[in-house]
Structure formats: structure tokens, C-alpha cells
Amino acid sequence: MKEYNTSFTHGDALIVVDVQNDFCPGGALAVENGDAVVPVLNRWIADAEKNNLPVYASRDWHPLEHISFKENGGVWPPHCVQDTDGARFHPDLELPDRAVIVTKGVRFDQDQNSVFDQTGLAMHLQKKGIKRLWMGGLAEDVCVLASVLYARKEDFDVMVIKDATRPVEASGGEKARQKMQEAGANIAE
Ligand code: VGL
Ligand code: ZN
């Protein structure tokens with residue numbers, strides 16, 4: 001087992017990926033028990049607040065007729081359409097006012113699964129001296145996976161908060177964890 005500092009400290013940031021209604025039970029692209037990540041992430045958010053550490057929350061924010069939707073040749077049902085209820089953060093997610101919202105998936109012609117894809121977030125964090133990212137959210141095998149892999153490419157240390165993420169497919173979760181670990185991310189139990 002690799003050794004690492006397990007406390008949330010200076011130089012760390014919390015990244016909450018796509019905890020939106022459409023990815024929770026009852027949503028258009030529901031992840032089984034997707035809402036179970038909310039109380040876990042709320043504890044991390046409270047800890048970030050206590051220690052004055054930065055909190056980022058991404059949202060999938062598609063235009064109507066987005067290329068990732070089945071009707072347009074993609075693989076997903078329509079989800080997280082801009083300004084709809086499904087695109088809103090889960091109502092129990094306790095984001096502080098100072099949380100920074102990262103909006104992605106707005107291009108008509110591309111999907112942007114990673115929170116870093118064309119958002120400028122990596123450079124922004126680097127400029128602030130952030131070295132390590134604690135990450136959780138939905139879905140583990142799609143946007144969390146893509147974001148973690150990108151973060152590793154950008155040389156951030158990455159801690160995936162295992163209880164704070166759920167996959168679209170159980171088998172996909174196992175595979176995703178394997179890929180994230182191979183890329184050097186730590187899975188924090
Ligand atoms: C996501 C499927 C399609 C995600 C986004 O946030 O994991 N999954 N769009
Ligand atoms: Zn999407």
C-alpha cells in the first residue's frame with residue numbers, strides 16, 4: 001500500500017464532479033445510488049470550509065441537440081440540458097457561496113467529460129499553487145474517470161474519495177478504479 005498524507009491540507013482542493021439531478025435516482029441518466037455521494041461530499045465540503053480550502057463543483061451543461069445525445073448520434077439519453085431541473089445540482093448538496101462552478105459540455109460538436117477539457121481549470125489551479133485534488137462525484141466511470149486521468153496528466157496528485165463516487169455500471173466502476181490507479185491516482189477509502 002502506497003503511503004500518502006490523508007489529511008486535507010494547504011495546497012489541496014476539493015473537486016465535486018457533476019452531482020446533478022439527472023445523474024441521481026429519478027433523473028434522465030440516473031446512476032444507481034448516485035445520491036448516496038451527497039452526504040459524503042457534504043462532509044468534505046464542511047471540512048474544506050473549516051480549513052478555508054478551495055471547492056470547485058462542475059456541472060454537465062448541454063445545449064439542446066447536443067452531440068452526445070442518442071438522437072444526434074451519441075450514446076446517452078438527453079441529460080443535463082441547460083437550465084432544466086435535471087441540470088441543477090442535487091438539492092441536498094451544500095455548496096458554499098464561495099464554491100467555484102465549472103461548466104462543461106456546452107459545445108455542440110464535442111463531449112467534454114473531463115472537468116479540465118477546454119475549461120482552463122488546470123492552469124487556474126496551478127497558478128493558485130494547488131498540488132493535490134480530492135475528487136468525487138458522478139459518474140465514476142465517465143466524468144470522474146476522465147477528470148482524474150486528465151488531472152494526472154497535468155501532474156496533480158489525486159485522491160479519489162471512494163465513498164463519494166458511483167459508476168453508471170458496477171463493472172465500469174471496477175475498471176475505472178483500475179485505470180485511475182494505473183495513472184497514479186490514490187483511491188481513498
Ligand atoms: C456524464 C454521461 C454523460 C458524467 C456526463 O458526468 O459522468 N456521464 N455525460
Ligand atoms: Zn453529458
Side-chain angles (χ1 to χ4, degrees), residues 14-38 40-41 44-45 55-93 95 99-122 133-153 158-180 183 185 187:
L14 178 64
I15 313 281
V16 175
V17 178
D18 300 2
V19 180
Q20 294 165 273
N21 290 327
D22 270 344
F23 297 126
C24 291
L29 180 36
V31 170
E32 199 181 324
N33 291 322
D35 54 347
V37 306
V38 173
V40 182
L41 285 165
W44 282 86
I45 291 166
V55 177
Y56 294 83
S58 69
R59 58 181 186 181
D60 210 33
W61 197 251
H62 297 310
L64 278 171
E65 302 176 38
H66 188 252
I67 195 168
S68 77
F69 300 168
K70 278 181 189 143
E71 64 213 49
N72 307 305
V75 295
W76 307 115
H79 62 280
C80 297
V81 173
Q82 294 168 6
D83 274 321
T84 60
D85 257 332
R88 279 184 245 295
F89 291 120
H90 189 284
D92 298 336
L93 186 68
L95 286 176
V100 178
I101 310 305
V102 180
T103 299
K104 66 184 182 61
V106 297
R107 288 189 61 136
F108 285 97
D109 60 336
Q110 284 181 13
D111 213 355
Q112 290 157 277
N113 286 335
S114 165
V115 300
F116 300 101
D117 187 3
Q118 303 171 78
T119 60
L121 179 62
L133 308 178
W134 291 86
M135 303 174 74
L138 303 170
E140 185 174 26
D141 49 346
V142 187
C143 288
V144 172
L145 172 63
S147 302
V148 165
L149 296 181
Y150 200 123
R152 287 298 304 143
K153 280 214 179 94
V158 177
M159 309 296 280
V160 179
I161 309 167
K162 190 167 184 242
D163 279 354
T165 184
R166 291 289 185 286
V168 176
E169 309 254 357
S171 64
E174 195 57 54
K175 257 185 256 164
R177 280 190 291 280
Q178 211 176 325
K179 281 188 201 159
M180 294 189 283
I187 309 294

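Order of listing sets the numbers, starting from 1, for every ligand and every atom in it.
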Quiz prompt | His62 backbone or side-chain N/O/S under 2.8 Å from the Zn ion (ligand 2) | solution = yes

Quiz item: Near the Zn ion (ligand 2), is there an N/O/S atom from His79 that is less than 2.8 Å away?
Solution: yes

Self-check item: Minimum-distance protein heavy atom relative to atom 5 (C) of ligand 1
Solution: Asp60 OD2, 3.1 Å

Self-check item: Any N or O of Phe23 closer than 3.5 Å to N or O of ligand 1
Solution: no

Practice problem: Tell me, with the steps shown, if Glu140 and Arg177 meet salt bridge (charged side-chain N to carboxylate O under 4.0 Å, His left out). | Solution: CA-CA 8 Å; Glu140 185 174 26; Arg177 280 190 291 280; 3.1 Å; yes

Exercise. Would you mind listing which atoms of ligand 1 come within a distance below 4.0 Å of any non-hydrogen atom of Val142?
Key: 1 (C), 2 (C), 7 (O), 8 (N)

Quiz item: Any side-chain heavy atom of Val81 within less than 4.5 Å of one from Phe69?
Solution: yes

Quiz prompt | More than 12 heavy atoms from other groups under 6.0 Å of CD on Gln118 | solution = yes

Exercise. Run the numbers for me: atoms of ligand 1, each under 4.0 Å from some heavy atom of Trp76, listed by number.
Key: 2 (C), 3 (C)

Practice problem: Sort out for me which residue in Cys143, Ser114, Cys80 forms a side chain to side chain contact (heavy atoms under 4.5 Å, CB included) with Lys104. | Solution: Cys143

Quiz prompt | Between His90 and Phe23, ring centroids under 6.0 Å | solution = no

Practice problem: Answer with yes or no whether His79 contacts ligand 1, where contact means a heavy atom under 4.0 Å from a ligand atom. | Solution: yes

Exercise. Decide, yes or no, whether a salt bridge links Asp18 with Arg59 under the criterion of side-chain N to carboxylate O below 4.0 Å.
Key: no

Quiz item: Is Gln82 atom CD crowded by more than 12 heavy atoms from other residues, nucleotides or ligands, each under 6.0 Å away?
Solution: yes

Quiz prompt | Asp18 neighbourhood, listing ligand 1 atoms whose heavy-atom distance to it stays under 4.0 Å | solution = 4 (C), 6 (O)

Quiz item: How are the rings of His66 and His62 set relative to one another: parallel (under 30°), tilted (30 to 60°) or perpendicular (over 60°)?
Solution: parallel

Practice problem: Would you mind checking which non-hydrogen protein atom is closest to atom 7 (O) of ligand 1, with the distance to 0.1 Å? | Solution: Ala139 N, 2.8 Å

Quiz prompt | Cys143 neighbourhood, listing ligand 1 atoms whose heavy-atom distance to it stays under 4.0 Å | solution = 1 (C), 4 (C), 5 (C), 6 (O), 7 (O)

Quiz item: At a 4.0 Å threshold, what atoms of ligand 1 neighbour a non-hydrogen atom of Leu29?
Solution: 2 (C), 3 (C)

Quiz item: Does an N or O anywhere in Asn113 fall below 3.5 Å from an N or O of ligand 1?
Solution: no

Quiz item: Distance from Leu145 atom CG to Gln178 atom CD, nearest 0.5 Å?
Solution: 11.5 Å

Practice problem: For the Zn ion (ligand 2), find the closest N/O/S atom belonging to Asp60 and write down its atom name. | Solution: OD2

